[in-house]
Every structure is written in structure tokens, then in C-alpha cells.
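What follows is a set of notes on a single structure, which appears directly below.
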Amino acid sequence: MPDEIEKLPKKNPMLEENPEKAAIKAESDAAWLPLRERLKKTDGQNLADLDKAYNVALEHHGLERRRDGKPFITHPIAVAEILLDMGMDSPAIAAAILHDVAEDTKFGIDSIKKEFGSEIALLVDGVTKLKKARKETKGDIHSQTMEKEELQALSITKMLNAMNSDIRVILIKLADRLHNIRTLQFMSQYKHRTIARETLQIYAPIAHRIGLRWIKEELEDTSLRFLDPLSYKEIGEYVDRTFKEKETLLKEVQEKVWESVKNLCKTAVVSGRVKSKYAIYRKTIAQNRRIDSIFDIFAIRILVNKKDECLSAIGCVYDVYPTYINERYKDYLHKPKENGYQSLHTVIVVDGTPIEIQVRTKEMQHIAEYGIAAHWKYKLKNKDGGTVNIDHQLKWLRKLLEAQQEGVEADELVETIKTDFVPEVISVLTPRGDSINLPRGATVIDFAYAIHTGVAERMIGATMNGEIVPLNKKLTTGAVVSILTSAPPGKGPSRSWLSIAKTNSARSKIKAWFKREQREENIACGREELERELRRVHISFSDADMEQILKAAAKRQRLSSVDDFLAALGYGGIPVANVMPFFKDEAHKIHLRNNPPDDTITIDTRATKKKRSQFGVIVEDMDDVLLKLANCCTPIPGDEIIGFITRGHGVSIHTVSCKNVSEARRAQEPERWLKAHWETKESDRFEVTFLLEYNDRMGFLRDVSELCTKMNIPITDFAKRGSVKDVHRMSLKVVMNVKEQYDWLLTRMKEIKGMIGVARFQE
């Protein structure tokens, strides 16, 4: 049979009868056949199963097209191609081709299992989102919003559990997300920000944890392009401009390093590396640094053959360039990062320019790029697994799933990924020398829970570098921390620990302990908090009505009893604010039942959505209320806020950290303080006032104005605020519609010549 005919999948007469179907098939084949040719040349691929998967997906996606106009099946084909680049096998690639069939068509998991076997079915099921909605929430806007968030959390938790059984699940999901974000420009503006933010908060951190550097960086950079396009553009322009300025120097260093290292390893590879845009963005925004103060934007990478050649290669570099920054030497070779990354880093100084040098083996470089995918492929070829330990790289996953078994809810697990899986980490040592990685700002309590939940629950104190420290002590890199414990079982955590712990994983385990160990106290606390909220909004029920409403509320939360519901309120598993709309709606129904309206009057008893204010602020349990943003702290979206009922002037919105919102003042008149949160839209705009301190010079105001114009940020007012000696003060009021603009403008204004300080203006 001719080779050209062998390449083509079997013809489908049903498709050829319909011109549109024929067009879909022709476009689909154009995407599939090049990938099929690659698969044919790859060892171990089962072409029969893959052709079958393609035909099933083509048949069931039918005439569906993506927003870019291409047949829908081109997306799963692109996902399969990414997996082939990772070195994945036939079952994983077949699952990628079928992953949207189970989610979007009637050809479900059972059908896939019947046609393709349990292995492929389990992989597809692991990446399939949960979509089933509860009937009782239909028409209830508040409950629908909660259910959407809950289903997202449950879907991610389901994926993590499947990943624990088969690592290929997360690789398929990351490849799926990577192609989706590559084509994000075809989605709506709202989808741009929603998908990009979710990618940054969940999928990029997971890619980082399993060592898939190239996927992590592309997810982060592309997300930044949609979330803050101006910063993305400016960073790109700065990198291009700086590279042109230093290109000659970098090439010279690269050549001299190669000449020195080749005597050690003739097949060594010396190349350049450019830091990702998002990594630069994080250093400028999160660490409040000038972009020109980041000296590892460009680096020289040396790849050798053997591990013992790495240290020798560093010596070769020092022979050529003896000036180096000793504090910047990092040994990830003997103490790898948690995601398996191994390398030696040092920083040399050439003609006054710091240049980072990275040294590792070629195998370490492959693992640095492909992470756990490289380990998985290695274990596949070597049945005994060799020296590769995938379990070590999945330690973080085991801890997450253990927390779930201890009673931590799905949304708490997702929040842990968002808050705890950050690149900026500190490494704290146990007395035995084991390294524990924690987010910057973590405390002794976070350290104790990172070691083991049982250790934390018996903790009575701690020492750092041999000295006794309080439990709220913030830890630093390199510190040796020892946890002092009581005899088992211990007295357990204090409720005050919830405000001290910085990691969500520690807070979740503290809540789980109270949920498990202090049920009666939780029930009492939950009932008390609920009754307090009902009194505050002037709602009361008879005992009989209250019992029925509590049963209905428990059922809505999918809890088996009223006590379970009250206990969840007590330990913080369910915020009282989330259930208040339901109780208000029930109170309204009872009022109508006891006070029937006049027949001539029509009353809409449907639950109403809380109205938005002009500031995009929602105040709990208050509709159509007059709001104003307090001048003392000028809150902006992203700040944690609280409302204060003024006398005759509505509700004033403050930041929680405002000097006028002290704990003492809130304790004096608790009934006047209300919970509030932002609910901004893409089009919302907000004013913020900066206080500038500067040395007066010709052109200073022009530079400030040009910066705001360049960032498309209108200036609405500015005024001189006096001067002391040579230091002048000025308030500058601007209008923004993106939270990221505030951070970026604050950073860029500090770089203006003559600027001494910039801060949010508070009267």
C-alpha cells in the first residue's frame, strides 16, 4: 500500500455528505497529519489507538469551532503535540485528544473506558471539570456564584487526587491550559483577566512545583501580557534595549568562559539566558526595586557532563574573572530546590557589570526544563526507577491531600495553592539540617505545621538559632528553628494562631483541628454568631421556624445535620456573611405568609441582587446605601476594607489598616462597623492620591506628567503641600481602572530624578 494512503485515517461517508462537515474534516486532517507523522517516527507510540481517538473526537465535536474560527478538534491536537514534546506516551496523548469529548459531548467517561480501556479513561476523567449544578440553587444568584466557585475548587481538588495516582493527569491539564492561554486573545476582555489571573494563581505555581520551567514561564509571561499589558511592553523594551547595550560584553564573557571550561569538558555547552518578563515584574513590584537594580536579567549558563565537573567549572570561571560577589553564591547542586532543580549559581563582576553564572550538568538542565515529566520518562525507560525519586517532588501534593483527609475543605486547598506556592521563599533549617521552604513572612507556627501537623498541635514554644522566640516570630533564610513540644496528645492550637499563621495550609489545619476536636464549642459559637448577625439586621424567627430554616440551610450546604451546619459556622468553615442572604429571604417569606399583601399590589418575592455603588463596593446586609471613600486612607480596589455607619452621611469605607480603624474603637461601637468588600468590573475607575516628596528641579512636574500620560493614567488634581528646607511636598490625584497600575506607577514614580519618597496620601 502506498505510504500516502497509509497516512490517512479511514474516510467517513457521513462527513463527506455535508459540505461544512467536509470542510471541518479537511481542516482537522491538516492539523492532525503532521502530528501523526511525528508520532509514527517516535518509538513506542500506538498509532492504531491514536487514530481511533482522533476519529472519535472528530465525530463527536462535529461542526463545533473555536473562537478563532478553527475546528474545535485543533485544540486537543495542539495539546497532544505539547505532550509529545514532553516525551509522553500513547495513553497520555490519546487522553489529550479525548479530554474535551467527555466534558462537552455525550461520549462520556464510561464510553471512553469501553472503547479505549481504563487507563485512558482515568486520565481523561482526571482533567474533566465538574459541571453538575444543584437544583435548589436555581434562580438564587448568590448561591449560583457560590456554586461556581465551589465547583471550580472541587474540580481542582479532583485533579490533584487523580494526579496523586498518575502524574500524567497534571501534565495533560497544564498542556491544555498552555494552549488555551496561547489563544486567549480570541476570548472576551472579561475572560482575558479571569483566565489569566487563574493561570497565575493556580496553574503556574503547580508547574513551578513540578519543575516544568518552560511551561511555568510561558504561562506567567502570557498572563502578564493580558493583566498588565503596559508593564509587559515596558519590560520587554527595557530587556531589548539593555541587551543591545551589553551584547558585546556578554559575547566576550561567553567566549572567554568557553575557552577556560573546554579544557575541563570538551563537550561543555556555554550559552546565554534571559530572565522571564514576569520574574522581572515580580522583583520590581513585589520587592519594590528599580528595574536597573536587577543584575541577573542576563546570565551565562554552563552545561557539563558530570556532577563533579560543576565545581571545577566554577573554578575555571574564577580563573578568568576573579572578582565575584561572595554573598550571591548558591549551591542548589547538593541541596536541590523542592521541585528538583539542581545548579550552582555565582555572580562575577566584569567592568563593573554583575553577571550571573549558572553551572549544571546536561541532565540537570533537561530536568530544569521538563521537571517531573523528565523523571517520569526516565522511570518509564528504567523499570527499576534508577536514582530518580518522583515521590520527593510530590511531597507538597501529599501534604495537600493529607490536609484534605484531616477535614480541610476543597476551597481551602485551592487557596493554599494561591497563597503558599509563591516563588519568593525562605529556607529554614531544622536542628537535623533538613531544609523547610516557606513563603516570605512565614512564622514559627507555619514552620511547625510544615514539619508535621502532630508536632504543631503539641507545640508549646520554639527557639531560633538557640534563642527562645515568640510564636509570631517571622522566620529568615538560614535560621535554625527547633519546636518545643509537650507530651502527647498536647493541648492543641489556640484560636489566636489563625491570625498569626501566614500560610493558608497552616490556617486550614488549625480550622480542621477545631472542627474535629471542639465540636460542641463550635456548635455553640456558630449559633451565637448567627444569632448576633440576625439581631444586627433586626431579624427574628420563632423556635419552630428557626429549626426548619436551619435544616434547609444545612441541606443547601450539603451537610447532614443542623449541628454540622452550626459547627461549620463556629470554626470558620462557612462565613456567616455567605448564609445571611438565605436567612433574609426566609424572613421575607415568613413576613408575607403572616401579612398577606393587598390583592391590588404585586410584590416580587424573588431574591434580589445587592446593588453596586459607584465605587464598586458591596457592604454586607445594606442595599442602596450612601457610600463614601474615607479621605483618611483613600482605599482602592485590592485593599482590605470595612464600613462605618456615620451619623447622617451614610457609610464611610476605610482600609482595615487605617489609623482610624483601631481595635479599640471597633470594640466601643461594634454595631456601627460593617463588613465590606470590592466587587469591581473591568470598566470601574477609581481615584487615588499620592503624596510626593522631592527636591525641586526644572522639569520635575513635566516628568511626572509624562509618566502618567505614557501609562494612560489621567491626572485630575495636584497641589503643593508646603516644603521643609529643600524638600518639597505635593499631592497628586489620578484615575485608574487596573489595580496593577497602582503598583507599577508607584514603582516608576520613585525612579524619577529628584524624587525622595512616594506614598498613598492620607489626610
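Fair warning: this is a prediction, and the values are worked out from it, not measured in the lab. For the single chain, residues carry numbers from 1 onward in sequence order.
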Requested in this report: Give a yes or no on whether the backbone of Leu219 and the side-chain of Thr222 come within a donor-acceptor separation of less than 3.5 Å.
Outcome: no
Report task. Would you check if there is a donor-acceptor pair between the side chains of Glu252 and Gln254 at a distance under 3.5 Å? Result -> no
Query raised in the report: Where do Lys244 and Glu247 land on the salt bridge (charged side-chain N to carboxylate O under 4.0 Å, His left out) test, with the steps shown first?
Result: CA-CA 5 Å; Lys244 287 180 181 178; Glu247 185 174 11; over 6 Å; no
Report task. Taking atom types as modelled, find out whether Arg177 and Thr199 have a side-chain donor-acceptor pair closer than 3.5 angstrom. Result -> yes
Query raised in the report: Does Leu701 offer a backbone N or O that forms a donor-acceptor pair with the side chain of Ser705 under 3.5 Å?
Result: no
Query raised in the report: Can a donor-acceptor pair be found between the side chains of Asn472 and Thr443 at a distance below 3.5 Å?
Result: no
**Report entry** Closest non-hydrogen atom pair between Tyr321 and Val253, with its separation
**Finding:** OH-CA, 3.4 Å
Query raised in the report: Stepwise, does the salt bridge (charged side-chain N to carboxylate O under 4.0 Å, His left out) test hold for Asp703 with Arg697?
Result: CA-CA 11 Å; Asp703 290 348; Arg697 65 170 177 83; 2.5 Å; yes
Report task. Name the orientation class of the two ring planes belonging to Trp673 and Phe644 (parallel below 30°, tilted from 30 to 60°, perpendicular beyond 60°). Result -> tilted
Query raised in the report: Would the Tyr332 and His345 ring centres measure less than 6.0 Å apart?
Result: yes
Query raised in the report: Have Tyr281 and Ser276 got a donor and an acceptor in their side chains that come within less than 3.5 Å?
Result: no
Query raised in the report: Relative to Tyr232, does Lys277 satisfy both conditions: NZ or CZ under 6.0 angstrom from the six-membered ring centre, and within 45 degrees of the ring's axis?
Result: yes
Requested in this report: Could you please spell out the steps behind the salt bridge (charged side-chain N to carboxylate O under 4.0 Å, His left out) verdict for Glu234 and Arg748?
Outcome: CA-CA 11 Å; Glu234 289 197 348; Arg748 294 303 303 274; 2.3 Å; yes
Report task. Could you tell me whether the side chains of Thr194 and His192 share a donor-acceptor contact shorter than 3.5 Å? Result -> no
Requested in this report: Run the numbers on Glu217 and Arg213 for salt bridge (charged side-chain N to carboxylate O under 4.0 Å, His left out), then give the verdict.
Outcome: CA-CA 6 Å; Glu217 291 188 352; Arg213 188 190 67 83; 2.7 Å; yes
